[in-house]
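A short write-up of the structure that comes next.
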Amino acid sequence: MMRLRPLLYLAVWILAGVVSAQQYAPAAIIFHGHKGYSGGAAFSDGRNMLALIGREGIWLYDGDSFETIKLLKIPENLAPPFKNIVAAALSADGTLAAGGSFYGAVLIWDVESGRLLHALGGSTGRVSAAAFSMDGKTLAVSSDYNNKIELWDPLTGQLKKTIDAKISGDKSLAYSPDGRTLASGSWNDAIQLWDAETGDLKKTLTGHTGTVSCLAYSPDGRTLASGSWDYTVRLWDAETGEPRSTVLEGHLEIVESVAYSPDGKILAAGAGRAVRLWNAETGQLKKTLVGTMRLEKVLFSLNGKSLAVEGRHEILIWNLETGAEIIPMKGHTDAVASLAFSKDGATVLTGSHDKTIRLWSAETGEAIRTLEGHTEAVNSAAFSNDGKLVVSGGHDNAVRLWNAEAGELIRTLEGHTAPALSVAFSPDGRTAASAGHDKTIRLWNVETGEALHMLGGHTDWITSVAFSPDGKTVLSGGLDTTIRIWDAQTGEPIRADRPYFEIFSVGYVQKSGMFASGGSQILLYLDGRRGNMIESHMQGDDHMNSDALTGEWVPIGISNADFYENWYHAFAVSPDGKTVAAGARDSLVVLIDASTRKNRMFFGGFSSPVRSLAYSPDGTRLAGGAKDGSAMIWRLPTTAQEIE
């Protein structure tokens, strides 16, 4: 395990939109802790080094290992206008670094020694962009709030020239690879090409209908790419200034950043929470990467294997070569509310609001058979341990038993007076449990269909029910904010805990005891820990009682849940109890390390809220279902581990 500063977490991002079998999504590393202004990430063109803005200065990281190289620190004795860095740049050879401040100041460091060379009071407004010429002899700086581009000698600190753009502020800058041209993008929709030596205007490029927010030259210098507030990316002939025929469309928000891969074959464009990777020659969309935050800047590493993406509070490093395999399951036409793997991991069971239950091959995602009989939405479905039976609960108040191999209905268990939300089999398959809107849990004899017990005590809908691995107890949770444990033989209550948040899901974990989860909160019950009271996560003034059993409910927070603007409705715990999966209403799935309580991975791929999740028995796969009826299986990458 590597130790990096700041902490890095390995995360996985699945491609958005329609996916095909055996498709792979890139793995990403997330930098936490950089709280400076966004827009300040930079890769050196000639040295695989990444610069990130921090409150103390500019942090430099190795572009391959992401180990810290050094901090280029802002001296404490500098005046406040020099300290609030909002833009960064690295020279091509990696020997110089520059930072532009919110107040128009410019700082220049010698990278090798870490010494601040110059603190210059340049622009009169916020620095919007900074760029070194290819030979490192000139630093161009532009401002959001005036029409000036300043050209500095980074070694002497002398102002070489001031270019009067004569239009409303320059938002972006880029030097051509041969160093002869400086391109600037403005608030008034135009791009201007300047002679880098004389500062004379060479051409003005028009076509965008919104602010030109970002620019990038192709490595061969023949093409200039521009991104705009008009949601498009345009390509221009760098020599003539004529627009290429291809306009890259499809972004749903302002295009904040564009970048070419080192070989010039891929053009990356970031807008909102999505990064689109385009074939730079044909303009064909290759992939769409979806994140959990607004993306401000995208940059390729020197070897082209990584893509750095900067957001307001995090930096992502996507590894474009590794990832997790996606296996789609296509067939449902409404929300997939329930998912379960067979004990041997070969089959996936889904229950849907389209009134059907389906069985799928976990290897290929192909449909095996469909169980039909519910007259309203299916809310829950579960396999018996031997995989021969299926129990389901629906909005038609019915609990149904099925022959999984033949796809035939065995019997309907009647008794609930309102929709059944959750069902489960005992480990020996002789008893089934069901619960739902009528606030009761019912235990059934599977062989005869006889009602064994009706468990009452919850005061609101019961959303989830599960048997313990030994079959002796039943665990339940509901919207009454309580977790209850029952004797499975007698139906008598054993314990009631109140974490003071609505419970969406409960279950047993072989090595960790039990889990309960809801909203943006997860609790694990760890066997062997003692204590009668523990604070509920995110409810500091409330407590939950531990009445009858020894042990402790331990909160496992979903890191930055509020930042992602999510609410989580689907939960699952890995078989070894080490990882918690939570599905969000914004279509993302977050995986949390249960011991460190930190985010390990993220998955996307859905275009609607996640409604169900399930781990395979061996923990190598995760299945998910969404509100729009889409479902998929992720083969988890073997490299998915937390980097501390």
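Bear in mind the structure is a predicted one, so any value in this text is a computation, not a measurement. The chain is numbered in sequence order, starting from 1.
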Parallel, tilted or perpendicular for F571 and F504, by the 30°/60° rule?
tilted
When you compare the side chains of Y508 and T473, does any donor N or O come within less than 3.5 Å of an acceptor on the partner?
yes
Within-4.5 Å side-chain heavy-atom neighbours: R484 and L475
no
Assess the residue pair T347 and W360 against the criterion (side chain to side chain donor-acceptor pair (under 3.5 Å)); give the C-alpha distance rounded to whole Å, side-chain angles, the decisive distance to 0.1 Å, and a yes or no.
CA-CA 6 Å; T347 307; W360 314 80; over 6 Å; no
For R411 and L413 the tightest heavy-atom approach is CD-CD2, 3.7 Å
Heavy atoms of other groups near E376 CD, more than 12 under 6.0 Å:
yes
Does a donor on one side chain and an acceptor on the other come within less than 3.5 Å for T431 and W444?
no
For the residue pair T482 / R498, report whether a side-chain donor-acceptor contact shorter than 3.5 Å exists.
no
Going by the side-chain contact (heavy atoms from CB on, under 4.5 Å) test, name the single residue among I357, V423, V465 that passes it with S380.
V423
Within a strict 4.5 Å, meaning less than it, do heavy atoms of the H453 and Q489 side chains meet?
no
Sub-4.5 Å side-chain heavy-atom contact between R442 and V399:
no
How about S352 and V378: do any of their side-chain heavy atoms sit closer than 4.5 Å?
no
CD/E253: more than 12 non-hydrogen atoms of other groups inside 6.0 Å
yes
With a 4.5 Å limit on heavy-atom distance, are the side chains of I485 and P493 in contact?
no
Which heavy atom of P499 sits nearest to which heavy atom of I483, and what is that distance?
CG-CD1, 3.9 Å
Does any part of the side chain of I633, heavy atoms only, come nearer than 4.5 Å to the side chain of V348, both counted from C-beta?
yes
Return the NE2 to CD distance between H569 and E502, rounded to the nearest 0.5 Å.
9.5 Å
Contact check, side chains of V446 and L401, non-hydrogen atoms, under 4.5 Å:
yes
Tell me, which pairs form a ring pair (Phe, Tyr, Trp, His ring centres under 6.0 Å) where one or both residues lie in residues 389-439, sequence neighbours left out?
H395-H437, H437-W461
Given side chain to side chain donor-acceptor pair (under 3.5 Å), test S392 with R400 step by step and report yes or no.
CA-CA 5 Å; S392 61; R400 301 180 190 272; 5.7 Å; no
Heavy-atom closest contact (Y615 atom, P575 atom, distance)
CB-CD, 3.9 Å
